[in-house]
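Take a look at the structure below.
Given the structure is predicted, the values throughout are model-derived calculations rather than measurements. Below, read A as the first sequence line, B as the second, and so on, with proteins coming before strands; counting in each chain starts at 1. Side chains included, hydrogens not; waters and symmetry mates left out as well; all remaining heavy atoms used.
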2 protein chains.
Amino acid sequence: MLSKKAKYAIKALLALADREGEEPMRIADLAREEQIPPKFLELILLGLRNNGILQSRKGKGGGYRLARDPADIYLGQIVRMFDGPLAPVPCASQTAYVRCADCRNEAECGVRLAMKEVRDATARILDGTSLAALHDRVEQVTARRMRGILSD
Amino acid sequence: MLSKKAKYAIKALLALADREGEEPMRIADLAREEQIPPKFLELILLGLRNNGILQSRKGKGGGYRLARDPADIYLGQIVRMFDGPLAPVPCASQTAYVRCADCRNEAECGVRLAMKEVRDATARILDGTSLAALHDRVEQVTARRMRGILSD
DNA sequence: ATTTATCCCATCGGATAGATAGACTAGTGT
DNA sequence: ACACTAGTCTATCTATCCGATGGGATAAAT
């Protein structure tokens with residue numbers, strides 16, 4: 001399960017990617033636009049800032065903006081940051097391997113075998129999808145829908 | 001994250017697949033062999049039984065055995081049974097779709113787009129791997145290791 | 001009838017997720 | 001310098017769920 005934190009984080013980042021180059025965005029506005037509890041979002045944005053994903057400015061005209069090129073921000077990093085390793089089971093994790101207490105010989109563990117496949121597939125997707133790429137895909141859907149409406 | 005329940009279930013099923021055709025296996029023995037808390041395992045096996053995966057017999061000589069061909073038991077079913085839908089987010093689930101409360105237009109949701117990919121990849125693996133297939137893979141690893149030891 | 005083993009109820013501690021409050025700090029514009 | 005604005009930080013709270021256990025009811029075999 002993706003936590004709400006990770007989910008809100010991605011939503012917020014997509015919104016910020018949409019505003020690249022513009023004025024920084026305030027927590028309150030972002031919260032309203034994305035339907036996220038403001039105080040909760042605050043916590044999330046702070047986390048993203050402390051991990052170098054976001055930049056912040058205090059005082060009037062302040063708010064948050066992306067700290068780097070959205071093409072260099074990958075979903076894998078965001079998800080791991082809030083939800084920990086991608087692997088369904090610690091012993092199948094690449095970035096945070098932990099041995100199972102119950103497990104006679106790991107090499108012959110069927111659970112691990114299967115879950116390693118799941119973790120690899122997940123990592124391939126999330127570490128292969130940048131914020132920019134995802135944003136583009138959303139834009140394409142939007143554009144297609146707009147054309148659909150216009151031709152009605 | 002895979003729950004302990006699902007993990008233990010798969011381990012137990014693999015052990016039972018290894019004993020196909022033989023006498024039914026008792027909870028206590030299975031628990032000892034797979035290093036699972038007996039009472040907890042009891043709960044899990046009961047669940048598997050109530051879902052038609054296992055057969056049970058009470059009294060002396062009783063225990064559990066597979067209710068169907070391990071080639072017809074898929075990991076996807078087991079995981080869903082204990083941990084719910086595979087999708088990281090309810091709105092990306094195929095078998096248990098639920099709309100997100102916060103979500104203006106679902107078709108343009110980046111989170112959903114990305115998570116649908118993850119769910120599809122996961123489903124492809126788990127619904128594509130039967131207990132028999134997994135058991136075979138484990139056997140192959142074991143055989144390879146045995147040969148390694150013999151040739152030492 | 002006694003033994004054996006599953007069935008099924010009820011419960012429990014601890015961890016975690018989601019969320020909120022409030023006081024503090026540091027910028028901005030005037 | 002001052003007041004305002006908006007992010008920073010810590011603390012706390014509640015509900016839910018996970019992992020696990022205990023104890024009695026039920027059914028099968030001898």
Side-chain angles (χ1 to χ4, degrees), chain A residues 1-12 16 23-67 79 81-85 88-90 100-102, chain B residues 1-12 16 23-67 79 81-85 88-90 100-102:
Chain A
M1 252 307 224
L2 193 74
S3 71
K4 298 252 177 184
K5 270 185 191 163
K7 179 183 158 189
Y8 291 159
I10 296 173
K11 286 182 74 174
L16 289 173
E23 291 294 283
M25 217 176 161
R26 282 180 307 173
I27 295 178
D29 295 338
L30 201 42
R32 192 165 350 93
E33 184 168 310
E34 297 296 329
Q35 313 266 308
I36 303 170
K39 273 306 225 179
F40 195 41
L41 178 59
E42 182 185 307
L43 220 64
I44 293 161
L45 296 178
L46 203 54
L48 289 168
R49 193 205 84 129
N50 291 335
N51 280 264
I53 310 286
L54 293 182
Q55 238 178 2
S56 65
R57 224 174 84 187
K58 290 187 174 181
K60 189 161 190 179
Y64 283 97
R65 62 169 53 161
L66 296 181
V79 173
M81 181 173 153
F82 291 105
D83 296 357
V89 146
C100 289
D102 64 301
Chain B
M1 253 306 227
L2 192 75
S3 71
K4 299 251 177 184
K5 270 184 192 163
K7 181 183 157 189
Y8 291 158
I10 296 173
K11 286 182 73 174
L16 289 173
E23 292 294 284
M25 214 175 164
R26 282 180 307 173
I27 295 178
D29 297 335
L30 200 43
R32 193 165 348 94
E33 184 169 308
E34 297 297 330
Q35 312 265 307
I36 303 170
K39 272 307 226 180
F40 195 41
L41 179 58
E42 183 185 308
L43 218 67
I44 293 161
L45 296 179
L46 203 54
L48 289 169
R49 192 205 83 131
N50 291 334
N51 279 265
I53 310 285
L54 292 182
Q55 236 179 2
S56 65
R57 227 175 77 191
K58 291 186 176 181
K60 188 160 190 181
Y64 284 96
R65 63 169 52 162
L66 296 181
V79 173
M81 181 173 155
F82 292 105
D83 296 358
V89 147
C100 289
D102 63 302

Send over the distance from E23(B) CD to dA5(C) P, rounded to a whole Å.
-> 12 Å
Starting at CE of M1(A) and ending at P of dA17(C), how long is that distance when rounded to a whole Å?
->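 In whole Å, dA17(C) P and M1(A) CE are 12 Å from each other.
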Which residue is it: [options]? I am looking for the one with a side chain to side chain contact (heavy atoms under 4.5 Å, CB included) to [X].
X: K5(B); options: I10(B), I44(B), L41(B); value: I44(B)
X: K7(B); options: I36(B), V79(B), L2(B); value: L2(B)
X: Y64(A); options: R49(A), Q55(A), R57(A); value: R49(A)

Is there a side-chain contact (heavy atoms from CB on, under 4.5 Å) between L48(A) and M81(A) once you walk through the steps?
-> CA-CA 8 Å; L48(A) 289 168; M81(A) 181 173 153; 3.7 Å; yes
Got L54(A) and L46(A) here, is their nearest side-chain heavy-atom distance under 4.5 Å?
-> no
4.5 Å side-chain heavy-atom contact, Y8(A) and S3(A) | no
Measure from the side-chain N and O atoms of N51(A) to the backbone N and O of G47(A), and report whether any donor-acceptor pair falls under 3.5 Å.
->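 Pair found, side chain donor or acceptor close to backbone of G47(A).
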Using a cut-off of 4.0 Å between protein heavy atoms and nucleotide atoms, how would you tag nucleotides 5-19 of chain D 5' to 3' with B, S and -?
-> BSSBB---------S
Scoring nucleotides 11-16 of chain C by protein non-hydrogen atoms under 4.0 Å (B base, S sugar-phosphate only, - none) yields ------
Test log, rule side-chain contact (heavy atoms from CB on, under 4.5 Å), inputs R65(A) and L16(A) | CA-CA 6 Å; R65(A) 62 169 53 161; L16(A) 289 173; 5.6 Å; no
